[in-house]
Every structure is written in structure tokens, then in C-alpha cells.
Amino acid sequence: MISNREISKILYEIGEYLEIKGVMFKPRAYEKAGYSVENLEEEVAEIYKKNGLKAVEDIPGIGVSIALKVEELLKTGRLKYYEKLKKSFPVKIGELSAIEGMGPKMIFKLYKKLKIRSIKDLEKAAGAGKIAVIAGFGKKTEEKILKGIEFLRKSGGRFLLGVVLPQARSIENRLKELKHVNRVAIAGSLRRMQETIGDLDFLVTSKKPKEVMKFFVSMPEISHIYSQGQTKTMVRLKSGIDADLRVIPDISFGAASQYFTGDKRHNITIRALAERKGFKLNEYGLWRGEKLIAGETEEEIYKSLGMVTPSPEIRNDSGEIQVALQNKLPKLIGYGDVRGDLQVQTNWTDGENSIEEMAESAKSAGLEYIAITDHTKSLAMTGGADEKKLLKQMAEIDQLNSKFQALNSKFRILKGAEVNILKDGMLDIKDEVLAKLDVVGIAVHSHFNLSRAEQTKRIIKAMKNKNADILFHPTGRLIQKREPYDVDVEEIIKVAKETGTILEIDADPYRLDLKDEYIRKAVAAGVKLSINTDAHSKNSFHYLEFGIAQARRGWAGKNDIINTRPWPEMLKLLKTKQNIKNKIA
DNA sequence: GCCGTTTTCGGCCCGACTGTTTTCAGTCG
């Protein structure tokens with residue numbers, strides 16, 4: 001079965017081949033279709049299977065012609081049109097265009113002149129000085145290509161949100177302190193709080209752009225200056241990420257924020273909408289002819305276009321514009337709305353700190369409660385707890401809670417565990433002990449390579465355990481390190497609804513699991529979620545911000561997240577408690 | 001090749017900067 005990712009990759013590549021051939025407009029059509037498929041919630045294969053060709057045509061950006069091509073791909077796993085293009089121009093186009101500064105035109109020229117087909121060819125030619133001598137190229141272009149290849153190898157081109165955000169805020173703060181600077185904002189994928197960040201975008205309003213630029217390029221973390229102008233400067237930081245700075249007038253601050261926050265698809269759609277309404281929208285404002293209609297705030301721009309302002313996290317042209325035009329945007333969970341953390345590891349297993357240290361740290365992070373969820377026995381490498389150890393830990397938690405009460409603190413430690421799901425879907429702790437816990441998390445930590453059907457069946461079996469409250473990190477992925485295990489998340493969501501199992505949004509910056517698209521599905525299905533840090537150290541409670549961002553990108557509201565409630569209310573939403581209540585009633 | 005709160009035909013986002021030019025093409029966001 002061919003996946004959305006594979007289909008979108010082929011559509012993107014077709015767009016690039018057509019671009020090289022100088023075909024008008026079609027490249028953008030294919031790019032748009034590729035993007036649309038890439039960001040689709042449902043597998044195109046499923047859509048086609050269920051509702052046929054017409055349903056594929058209903059996907060935005062896909063019309064009769066591309067739908068037929070997708071059908072061919074689904075049926076045969078191949079696409080003659082694509083193969084013909086590849087044959088006519090036998091170059092690894094996806095690979096080459098991933099290099100910073102390499103576009104279709106350069107790829108074309110390099111193939112014509114030097115028969116360059118791959119990064120390997122390109123590196124060899126650049127290293128031998130063969131590129132600098134081609135007309136239209138030069139020494140600098142050659143150097144830039146070599147650097148681009150090096151960067152691509154080193155980083156895969158993107159950085160984790162959790163790694164980048166502190167760096168960006170540090171720069172933001174220094175810009176704010178500058179004398180000639182009035183306003184500062186972070187824009188781009190960072191403002192959208194994407195899982196991974198390609199580069200940093202800073203916006204500054206100032207009457208003395210030259211001074212600001214001078215400061216920016218002389219910051220200690222700068223390793224390279226790509227370009228430096230009056231309004232735009234681009235640099236590389238020593239950490240490896242690129243950063244752009246734009247200086248704009250105050251009157252354009254909102255317009256620039258809107259323009260540079262994106263994403264690209266959102267902006268294209270918004271600008272087309274503006275044009276239809278007789279405006280022109282650029283980074284300096286919303287214009288009718290020569291007249292500035294709006295520009296100082298994003299809100300007045302969106303308002304002039306007849307819509308409410310979508311939160312940056314959901315600006316990706318996935319329906320937010322239509323909903324905003326109808327003033328029906330959901331109220332997203334706020335960054336201060338989470339009251340407790342339901343996945344916390346301690347030095348009872350693989351965490352660094354004691355239960356008390358974790359509790360104290362959570363308290364000073366503003367939380368009202370945490371659940372201690374150490375690993376269980378079949379995860380031997382962590383010293384996972386057996387029934388006896390769990391009971392002992394529960395006793396210690398009781399003591400600590402008494403201590404908090406004696407000190408007049410309302411902070412509460414809940415008893416929990418991260419219980420292993422065995423290969424056959426059984427849990428590795430006896431039910432009578434699980435029943436004594438406040439919060440039972442269940443998780444897959446082994447047998448990642450089961451077939452989709454087996455993996456799904458196994459997890460569902462575990463979810464059906466009446467003591468299993470929350471499915472931790474439901475897909476097991478580690479961003480840029482490990483693919484998710486093959487599991488039918490749609491089915492998991494369905495079963496979560498049926499069984500009252502909570503799905504976790506693991507806020508660890510490497511996990512961010514569930515993904516936004518599944519969060520949106522779960523929310524739509526009425527499944528409850530919890531945002532947890534998965535903290536293994538007392539310094540990790542700030543992960544909550546990443547988890548909340550993830551929830552916002554999945555259109556989740558405060559009510560969709562159980563741990564936005566005080567702990568007594570939160571517990572009532574857990575399956576275990578519901579069962580007990582049902583039994584009593 | 002796609003799409004429609006002006007359109008089923010005629011459009012398709014827009015501006016900054018670099019490098020290699022001698023007035024501009026290419027790339028990026």
C-alpha cells in the first residue's frame with residue numbers, strides 16, 4: 001500500500017521536473033497537490049478504497065488529472081507520467097533541491113553542463129572547482145553549494161522545537177533591550193510552534209535599521225553572514241541553524257508578523273482572499289490601491305478581510321481560514337491551562353530525581369499535582385517496578401502527601417505507573433495492584449516491529465483492560481531518531497472512545513506523540529487527552545509548553561485535556577473511577 | 001493543472017537580496 005508520504009513526494013518531484021522544463025503554472029499545481037496529500041489526515045489509499053476516484057478529486061488541490069495519476073499509483077504502485085519525466089531528465093531532483101540555494105534552474109544547468117545527477121556528483125564537481133567556471137556561476141556559488149551539502153548531512157536541515165526555542169528567546173530578549181528597537185517578535189515556524197524548525201525569523205521595528213543589523217550580525221552566536229541589507233539580514237548560528245532578521249516600520253508590525261508567520265499555504269490563501277476583496281497584502285500592510293487599510297496589528301488585517309485571527313499554531317491552511325471567516329474558530333487550550341502532570345519518572349527507575357524532588361520542582365513550575373509513573377518490571381533495564389515495589393512506592397507517596405498536608409500545601413502526588421504492554425497485549429502488573437493506583441499509564445516499549453495488524457490488536461487489547469487509564473506516547477516515535485511503530489491510529493482513537501481510555505500527548509520534545517493531525521481526529525471523535533511531560537528529571541517540567549503547543553496545533557480546547565482540571569475532577573474522568581462509580585451505582 | 005462570495009475561462013502571492021551581470025535571473029520565505 002502506497003502511503004501519503006510517498007505520493008506527496010512523487011507529486012512534489014513532478015512539480016520540480018515541470019519547473020525545470022519551464023512549464024507554466026503546472027509546477028505550482030503539483031506542489032499544491034503534494035502538500036495537500038502530505039498533510040491529509042486520512043490515507044489517500046483509504047479514501048480511494050472507500051469512496052473511489054471522486055473522493056480523491058475532492059481533496060483540495062487535486063482535480064481530474066492528478067486524481068487519475070494518484071489512482072494509477074494506488075493501483076499499480078507506479079506512475080508512467082512520472083517515470084517518463086524521470087527518464088527525460090535522469091537527475092535525483094528531490095535530493096539536489098534539498099540543498100540550500102539549489103533551485104530547479106541551477107539543477108538544470110548543472111546537469112546540462114556537467115551531467116550532475118546527485119549530491120555525490122555535485123560535491124565532486126564543486127570540490128574540483130568545476131562549478132565556478134560555468135557562466136552564471138562563480139566561486140561564491142561553489143562554496144555555498146559545498147556548505148549546503150555539509151549542513152544537510154549534519155542536521156537533516158531541521159532542528160527540534162525544544163532545542164531551538166531557548167536560543168531564539170535569548171536573541172529576542174537581547175533585541176528587545178536595544179535602544180533603537182521598539183518592538184520585537186519571533187515569526188515563522190517557531191511562532192507556529194512546529195515540531196521541528198527550519199530557521200529562526202525575527203521581526204523588529206526600528207527607526208535605525210542599520211544599528212540593529214550591526215548588532216545582530218555581531219552577536220556571539222553568529223558563525224556566518226549570508227547577506228546583510230537595510231531591511232533583511234540572514235545569518236547562520238554556531239548551533240547550525242539559520243536566522244533571518246527583518247526590520248520594518250512600526251506601522252507595518254502586524255502586517256509583517258502576519259506575512260512572516262505563515263505557513264506558506266496559509267499566506268497564499270490569505271493573499272488570494274485579499275485580492276478577491278480588492279486589496280493587496282504584503283509585509284508592509286493591507287492596501288487598497290495606494291491607501292493603507294491596516295498594518296499595525298494582525299487582528300486589524302484579518303478583521304479587514306472579514307475574519308477572526310487564527311492562532312499562529314493553526315495557520316497551515318487546513319481549514320482554519322474557512323472556519324475563521326465564519327467566526328467559528330474553537331477556543332484552544334491556553335499555555336497556562338495545564339494544572340498537573342500525569343507522566344513523571346523518578347529514581348525508583350530511570351529518572352534522575354526522587355519523588356519529593358520531582359514534586360517540589362513541579363510545584364515551583366506552578367503545577368498542582370503530578371502522578372508518579374515509574375516503569376514496570378518487564379522493562380528490566382530501567383529497574384522496572386514489580387507489584388511489591390509499587391506497593392512500597394505507594395506507601396512512600398502517602399507519607400509525602402501527609403507531609404504536604406501538614407505544611408498546609410495543597411500539592412498532591414498521585415500514585416501511578418507506566419505499565420508495559422507485553423507482546424500479546426497483556427499488562428505486566430497484576431490487576432489487583434493496578435486497581436490501587438490513581439493513574440495507570442500503559443505503553444509499548446518493546447516489539448516495535450510487529451505488523452500493523454498485530455501491533456494495533458496488541459495495543460487495543462491493553463486499552464480494554466479496565467484499569468488502563470491512559471495510553472502513553474501512542475505511536476512510539478522519536479523525532480529524527482526513530483520512526484513510529486506501525487499502528488492504526490484511527491482504530492486506536494475509535495477504541496479510546498469506546499473504552500474511555502485517555503490518549504496522551506507526550507510533551508517530550510523528541511516525542512510530541514500524538515501528532516497534531518491525530519489530536520485533531522481524537523478531538524473530533526470526542527476522545528479525551530492528557531498532556532504530560534514524561535519528565536525523567538526535575539528540570540523537564542517546561543516540556544509542558546511543547547505539549548500544549550502540540551495540542552493547540554491539533555485544535556484541542558481546554559476541555560479536551562483532562563489535566564487542565566483540579567485533580568479530584570481529573571480523576572473522575574479516568575476509566576477506573578468511572579468503572580468504580582458504575583459499580584457503586 | 002486547479003479553481004470560483006466577481007469567473008466553468010482566465011487567471012495563478014510578492015518582495016528582498018546575492019551573484020554575476022552591466023539590467024537581471026535565481027532563490028527564498
Side-chain angles (χ1 to χ4, degrees), chain A residues 11 14-16 18-20 22-36 57-70 81 96-97 99-110 131-145 148 187-192 197-203 209 213 225-235 242-248 252 255-256 258-287 305-307 317 322 325-326:
Chain A
L11 292 174
I14 291 174
E16 274 160 353
L18 293 172
E19 181 98 44
I20 281 175
V23 179
M24 299 293 282
F25 303 113
K26 284 189 192 184
R28 203 165 301 143
Y30 276 96
E31 190 196 335
K32 213 171 162 179
Y35 180 88
S36 188
E57 280 177 38
D58 283 343
I59 297 168
I62 294 186
V64 182
S65 174
I66 294 184
L68 282 169
K69 293 188 173 70
V70 170
Y81 177 69
L96 288 171
S97 61
I99 298 167
E100 182 82 13
M102 287 281 281
K105 296 281 161 32
M106 281 174 79
I107 293 173
F108 179 72
K109 223 184 224 176
L110 287 171
I131 288 174
V133 297
I134 302 173
F137 290 73
K139 196 80 203 141
K140 288 196 170 174
T141 308
E142 191 170 84
E143 280 167 20
K144 199 176 155 198
I145 286 171
S189 56
L190 194 57
R191 182 157 179 244
R192 300 198 312 277
I197 306 297
D199 62 10
L200 308 179
D201 296 294
F202 296 99
L203 301 177
M213 294 307 189
I225 302 166
Y226 294 109
S227 67
Q228 185 177 355
Q230 282 283 319
T231 65
K232 181 183 174 183
T233 289
M234 299 168 75
V235 300
D242 290 344
D244 296 357
L245 174 66
R246 299 268 183 159
V247 178
I248 63 251
S252 302
Q258 195 285 325
Y259 189 97
F260 292 112
T261 296
D263 74 354
K264 191 174 168 187
R265 296 285 142 195
H266 177 89
N267 280 356
I268 288 173
T269 306
I270 288 291
R271 245 166 273 151
L273 176 72
E275 191 166 87
R276 271 207 305 281
K277 300 201 173 203
F279 299 106
K280 192 182 79 170
L281 180 61
N282 59 23
E283 61 260 57
Y284 298 110
L286 183 70
W287 308 82
L305 296 174
M307 59 197 289
D317 199 19
Q322 291 83 336
L325 281 166
Q326 298 163 23

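A, B, ... follow the sequence lines: proteins, then strands. Residue 1 opens every chain. The structure displayed is predicted, hence computed values, not measured ones.
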> Is A/Glu283 salt-bridged to A/Lys232, going by a charged N under 4.0 Å from an acidic O?
Replying inline: no
> How is A/Met234 classified with respect to the nucleic acid when contacts are heavy atoms under 4.0 Å: base, sugar-phosphate, or nothing?
Replying inline: nothing
> Over how many whole Å does the gap from A/Leu273 atom CG to B/dC14 atom C1' extend?
Replying inline: 16 Å
> According to a strict under-4.0 Å criterion, is A/Asn282 in side-chain N/O contact with OP1 or OP2 of B/dC14?
Replying inline: no
> In terms of side-chain geometry, is the basic nitrogen of A/Glu142 or A/Lys139 positioned less than 4.0 Å from the acidic oxygen of its partner?
Replying inline: yes
>> Quick one about A/Asp242 and A/Tyr226 (side-chain donor to acceptor, distance below 3.5 Å, no hydrogens or angles considered), yes or no?
In response: yes
>> In whole Å, measure the gap between the P atoms of B/dT6 and B/dC12 for me.
In response: 15 Å
> What is the distance from CG of A/Leu18 to C1' of B/dC2, rounded to the nearest Å?
Replying inline: 14 Å
> When we call it a touch if two heavy atoms are under 4.0 Å apart, what does A/Pro27 touch: a base, just sugar-phosphate, or nothing?
Replying inline: nothing
> Among B/dC14, B/dT18, B/dG1, which is the nearest nucleotide to the side chain of A/Phe25?
Replying inline: B/dG1
>> On a heavy-atom basis, which atom in A/Ala33 and which in A/Gly61 lie closest, and how many Å separate them?
In response: CB-O, 3.5 Å
>> Can you check the distance between B/dT21 and B/dG26, where both ends of the measurement are the P atom (answer in whole Å)?
In response: 13 Å
> Taking the P atom of each, how far is B/dC3 from B/dT8, in whole Å?
Replying inline: 16 Å
> In whole angstrom, what separates A/Met102's CE from B/dT18's P?
Replying inline: 20 Å
> B/dT20 and B/dT27: how far apart are their C1' atoms, nearest whole angstrom?
Replying inline: 14 Å
> Do A/Tyr259 side-chain and B/dG15 base share a donor-acceptor contact under 3.5 Å?
Replying inline: no
>> Roughly how many Å apart are B/dC17 and B/dT23, using the C1' atom of each and rounding to a whole number?
In response: 16 Å
>> Taking only side-chain N and O atoms of A/Lys26, does any of them lie within less than 4.0 angstrom of OP1 or OP2 on B/dG1?
In response: yes
> Now, which nucleotide makes the Watson-Crick or G-U wobble pair with B/dT8, with each of the two distances under 3.5 Å?
Replying inline: none
> Across the strands shown, which category fits A/Asp199 at heavy-atom distances under 4.0 angstrom: base, sugar-phosphate, nothing?
Replying inline: sugar-phosphate
> Between A/Asp201 and A/Gly278, which has a closest nucleotide on DNA chain B that is more 5'?
Replying inline: A/Gly278
>> Expressed as a whole number of angstroms, how long is the span from A/Lys264:NZ to B/dG15:P?
In response: 16 Å
>> Both A/Ala29 and A/Asp244 contact DNA chain B. Which one's nearest nucleotide lies toward the 5' end?
In response: A/Ala29
>> Using whole Å, what does the distance between atom P of nucleotide B/dT27 and atom CD of A/Glu16 come to?
In response: 11 Å
> Using a cut-off of 4.0 Å on non-hydrogen atoms, how would the nucleic acid contact of A/Lys277 be classed: base, sugar-phosphate, or nothing?
Replying inline: nothing
>> By nearest atom, which of the nucleotides B/dG29, B/dG26, B/dC17 is closest to the A/Thr231 side chain?
In response: B/dC17
> Looking at A/Tyr35, does the NZ or CZ of A/Arg265 lie under 6.0 angstrom from its six-membered ring centre and within 45 degrees of the ring axis?
Replying inline: yes
> Going by heavy atoms in the side chains, are A/Asp199 and A/Met234 under 4.5 Å from each other?
Replying inline: no
>> Whole angstroms only, please: what is the CG-P distance between A/Leu245 and B/dG29?
In response: 15 Å
> Which heavy atom of A/Ala256 sits nearest a heavy atom of A/Ile248, and at what distance?
Replying inline: CB-CD1, 3.6 Å
> With sequence neighbours excluded, what pairs up with A/Lys105 under the salt bridge (charged side-chain N to carboxylate O under 4.0 Å, His left out) test?
Replying inline: none
> With a 4.5 Å limit on heavy-atom distance, are the side chains of A/Gln230 and A/Val247 in contact?
Replying inline: no
>> Taking the C1' atom in each of B/dC2 and B/dT7, what is the distance between them to the nearest angstrom?
In response: 14 Å
> Just checking A/Met24: base, sugar-phosphate only, or nothing, at a heavy-atom cut-off of under 4.0 Å?
Replying inline: nothing
> Which part of the nucleic acid does A/Ile270 contact within heavy-atom distance under 4.0 Å: base, sugar-phosphate only, or nothing?
Replying inline: nothing
> With respect to the side chain of A/Met106, which nucleotide from B/dG1, B/dA16, B/dG26 is positioned closest?
Replying inline: B/dG26
>> Measure OH/A/Tyr30 against P/B/dC2 and give the value in whole Å, please.
In response: 7 Å
>> I need the CD-P distance between A/Gln326 and B/dT5, as an integer number of Å.
In response: 12 Å
> Can you give one letter per nucleotide of nucleotides 19-25 of chain B, going 5' to 3': B for a protein heavy atom under 4.0 Å from the base, S for sugar-phosphate only, - for none?
Replying inline: SSS----
>> Show, in sequence, the C-alpha distance, side-chain angles and deciding distance for A/Ser65 and A/Lys69, and conclude whether the side-chain hydrogen bond (donor to acceptor under 3.5 Å, both in side chains) test is met.
In response: CA-CA 7 Å; A/Ser65 174; A/Lys69 293 188 173 70; 3.2 Å; yes
>> Taking 4.0 Å as the cut-off, does a side-chain nitrogen or oxygen of A/Ser65 come that near to OP1 or OP2 on B/dG1?
In response: yes
> Given the C1' atoms of B/dG10 and B/dG15, what is the spacing between them in whole Å?
Replying inline: 25 Å
> To the side chain of A/Lys280, which of B/dC14, B/dC12, B/dG1 is closest?
Replying inline: B/dC14
